[in-house]
Amino acid sequence: MGLSMTETSRNMATETKASGQTVEQFLVLAKQVRGAALEELIRQLLEVPGIYVFGEFLEMPNIQELMVGPFAQSYQLLTLFAYGTFSDYIANAANLPELSAAQKNKLRYLSIVTLADKLKCIPYPVLLQELEMKNLRELEDLVIEAIYADVVHGKLDQRNQTLEVDRSIGRDIRSQDLSVMAGTLQDWCNGCDAVLAGIEDQIGRADQYKEHQLKVKHQVENEVTNLRKTLKATTGTATQEAEQNLMDSREPPVPEELRQGGKKTSKVKGLRGSGKIWSKSN
């Protein structure tokens, strides 16, 4: 590339900032001219950096007048830039005006956008084929320019020979493609509804499980409380019995001799008393 990477990025940033104003200027000019002047305006529009959508121009009455007549090729070329790719141009080059170098690069940028809509990792061979390029260095330089122009965002994987696309600009949409888009969006909405229904079902199951676990928790807590009461009552009774047994064990036992001696004394006293009684009667 003739410019350094820093110079290229600075130029692309300036072009991007000015693109909004440039579109307005071209729209104003397109309303004021016809014929050859309008054809020249279209040529400039397809060369100027920063403008990558052309639907508003195609809807203008004076541009639609070019569909038939000596300037029909310019109208077809504008339509190709709006919806087509570089390979489409090559296939119909005989019926279209010749492209300048700036127009070729611009159409190649737009072709990368179309590929990025289908593939997030675009192999180098696919890029080379679709962009009609044979040199890898030129291909990588072109992709780098497209990235700095904010046409695509991604990175080149030289090891795996692919362009990894994160996102890209949008292109013009044909009216017949709207039904396809509507169907795609409807499918997406249906998918979202299915996901939401699944989430709500999971939430319902989670609530039921939570309620069941709370019941189990309360039941376990009640059983633990009852068990504590039972253990407390049982422990109190056992403690009283243990204390009573301890008190009984502390009292000294009465010796056997004392028990027997007490019985002999009572017998002797009885005999002595009876002897005294018998002596008096004599």
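Basis for what follows: all heavy atoms, side chains included, without hydrogens, waters or symmetry-related copies.
When the side chains of ILVMFWY residues are joined at heavy-atom separations under 4.5 Å, either directly or via intervening members, Val68 and Leu78 end up in a single hydrophobic cluster. Val151 and Val53 are assigned to two separate hydrophobic clusters, defined by single-linkage of ILVMFWY side chains at heavy-atom distances under 4.5 Å. Put simply, Ile173 and Leu185 are part of two different groups of oily side chains (I, L, V, M, F, W, Y) that touch within less than 4.5 Å, one to the next. Hydrophobic clustering places Val195 together with Ile203 (ILVMFWY residues linked when any side-chain heavy atoms are closer than 4.5 Å, directly or through intermediates).
In Met67, the CE atom is not crowded: 12 or fewer heavy atoms of neighbouring residues, nucleotides or ligands sit closer than 6.0 Å. Counting non-hydrogen atoms of other residues, nucleotides and ligands closer than 6.0 Å to NZ of Lys104 gives a total of 12 or fewer. Other residues, nucleotides and ligands place more than 12 heavy atoms under 6.0 Å from the CD atom of Glu65. Within 6.0 Å of CD in Glu164 there are more than 12 heavy atoms belonging to other residues, nucleotides or ligands. In the displayed structure, Glu98 atom CD is contacted under 6.0 Å by at most 12 heavy atoms of other residues, nucleotides or ligands.
For Gly154 against Asp166, the heavy-atom pair with the smallest separation is CA-OD2, 3.8 Å. What you find for Leu163 and Leu156 is that their closest heavy atoms are CD1-CD2, 3.9 Å. Taking both residues in full, the closest heavy atoms of Glu56 and Val23 are given as OE2-CG1, 4.5 Å, listed atom of the first, atom of the second, then distance. Nearest heavy-atom pair across Glu145 and Asn105 is OE1-ND2, 4.4 Å. Shown here for Gly84 and Leu107, the closest heavy-atom pair between the two residues is O-CD1, 4.3 Å. Taking both residues in full, the closest heavy atoms of Phe57 and Ala30 are given as CD2-CB, 4.5 Å, listed atom of the first, atom of the second, then distance.
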As a quick check of understanding, evaluate side chain to side chain contact (heavy atoms under 4.5 Å, CB included) for Phe54 and Leu46, giving each step before the final call.
CA-CA 9 Å; Phe54 309 96; Leu46 300 181; 3.9 Å; yes
Check the pair Tyr75 / Leu58 against side chain to side chain contact (heavy atoms under 4.5 Å, CB included), numbers first and verdict last.
CA-CA 8 Å; Tyr75 178 84; Leu58 288 172; 3.8 Å; yes
Step by step, would you call Phe26 with Val48 a side chain to side chain contact (heavy atoms under 4.5 Å, CB included)?
CA-CA 10 Å; Phe26 272 98; Val48 67; 4.0 Å; yes
Where do Ile51 and Lys106 land on the side chain to side chain contact (heavy atoms under 4.5 Å, CB included) test, with the steps shown first?
CA-CA 9 Å; Ile51 299 178; Lys106 191 170 185 177; 4.0 Å; yes
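In this structure a side-chain-to-backbone donor-acceptor pair under 3.5 Å is missing from Arg34 to Leu66. Under a 3.5 Å cut-off, the side chain of Ser168 and the backbone N or O of Ala116 do not form any donor-acceptor pair. When atom types are taken as modelled, the side chain of Asn62 and the backbone of Gln32 share no donor-acceptor pair closer than 3.5 angstrom. Side-chain atoms of Arg171 never come within 3.5 Å of backbone atoms of Thr114 as a donor-acceptor pair (strictly under, hydrogens ignored).
Contact check for Leu119 versus Val165: no side-chain heavy atoms found under the 4.5 Å cut-off. Contact of the Ile169 side chain with the Asp150 side chain is not registered, since no non-hydrogen atoms from C-beta on lie closer than 4.5 Å.
Salt bridge Arg43/Glu40: present, at least one basic N to carboxylate O contact under 4.0 Å.
The structure places CG of Leu41 at 7.0 Å from CD1 of Ile63, a figure rounded to the nearest 0.5 Å. The distance from atom CD of Glu47 to atom CG of Leu99, rounded to the nearest 0.5 Å, is 9.5 Å. With values rounded to the nearest 0.5 angstrom, Thr22 atom OG1 is found 11.5 Å from Gln44 atom CD. Distance check: Leu80 CG to Asn92 CG gives 7.5 Å after rounding to the nearest 0.5 Å. In this structure, CG in Leu196 is found 12.5 Å from CG in Asp201, a value given to the nearest 0.5 Å. The line from CD of Glu221 to CD of Glu223 is 11.0 Å long, rounded to the nearest 0.5 Å.
The aromatic rings of Tyr52 and Tyr109 are tilted relative to each other, their planes meeting at an angle between 30° and 60°.
Residues Thr85 and Glu130 bring no donor and acceptor atom of their side chains to less than 3.5 Å of each other. No side-chain donor-acceptor contact under 3.5 Å links Gln158 and Tyr124.
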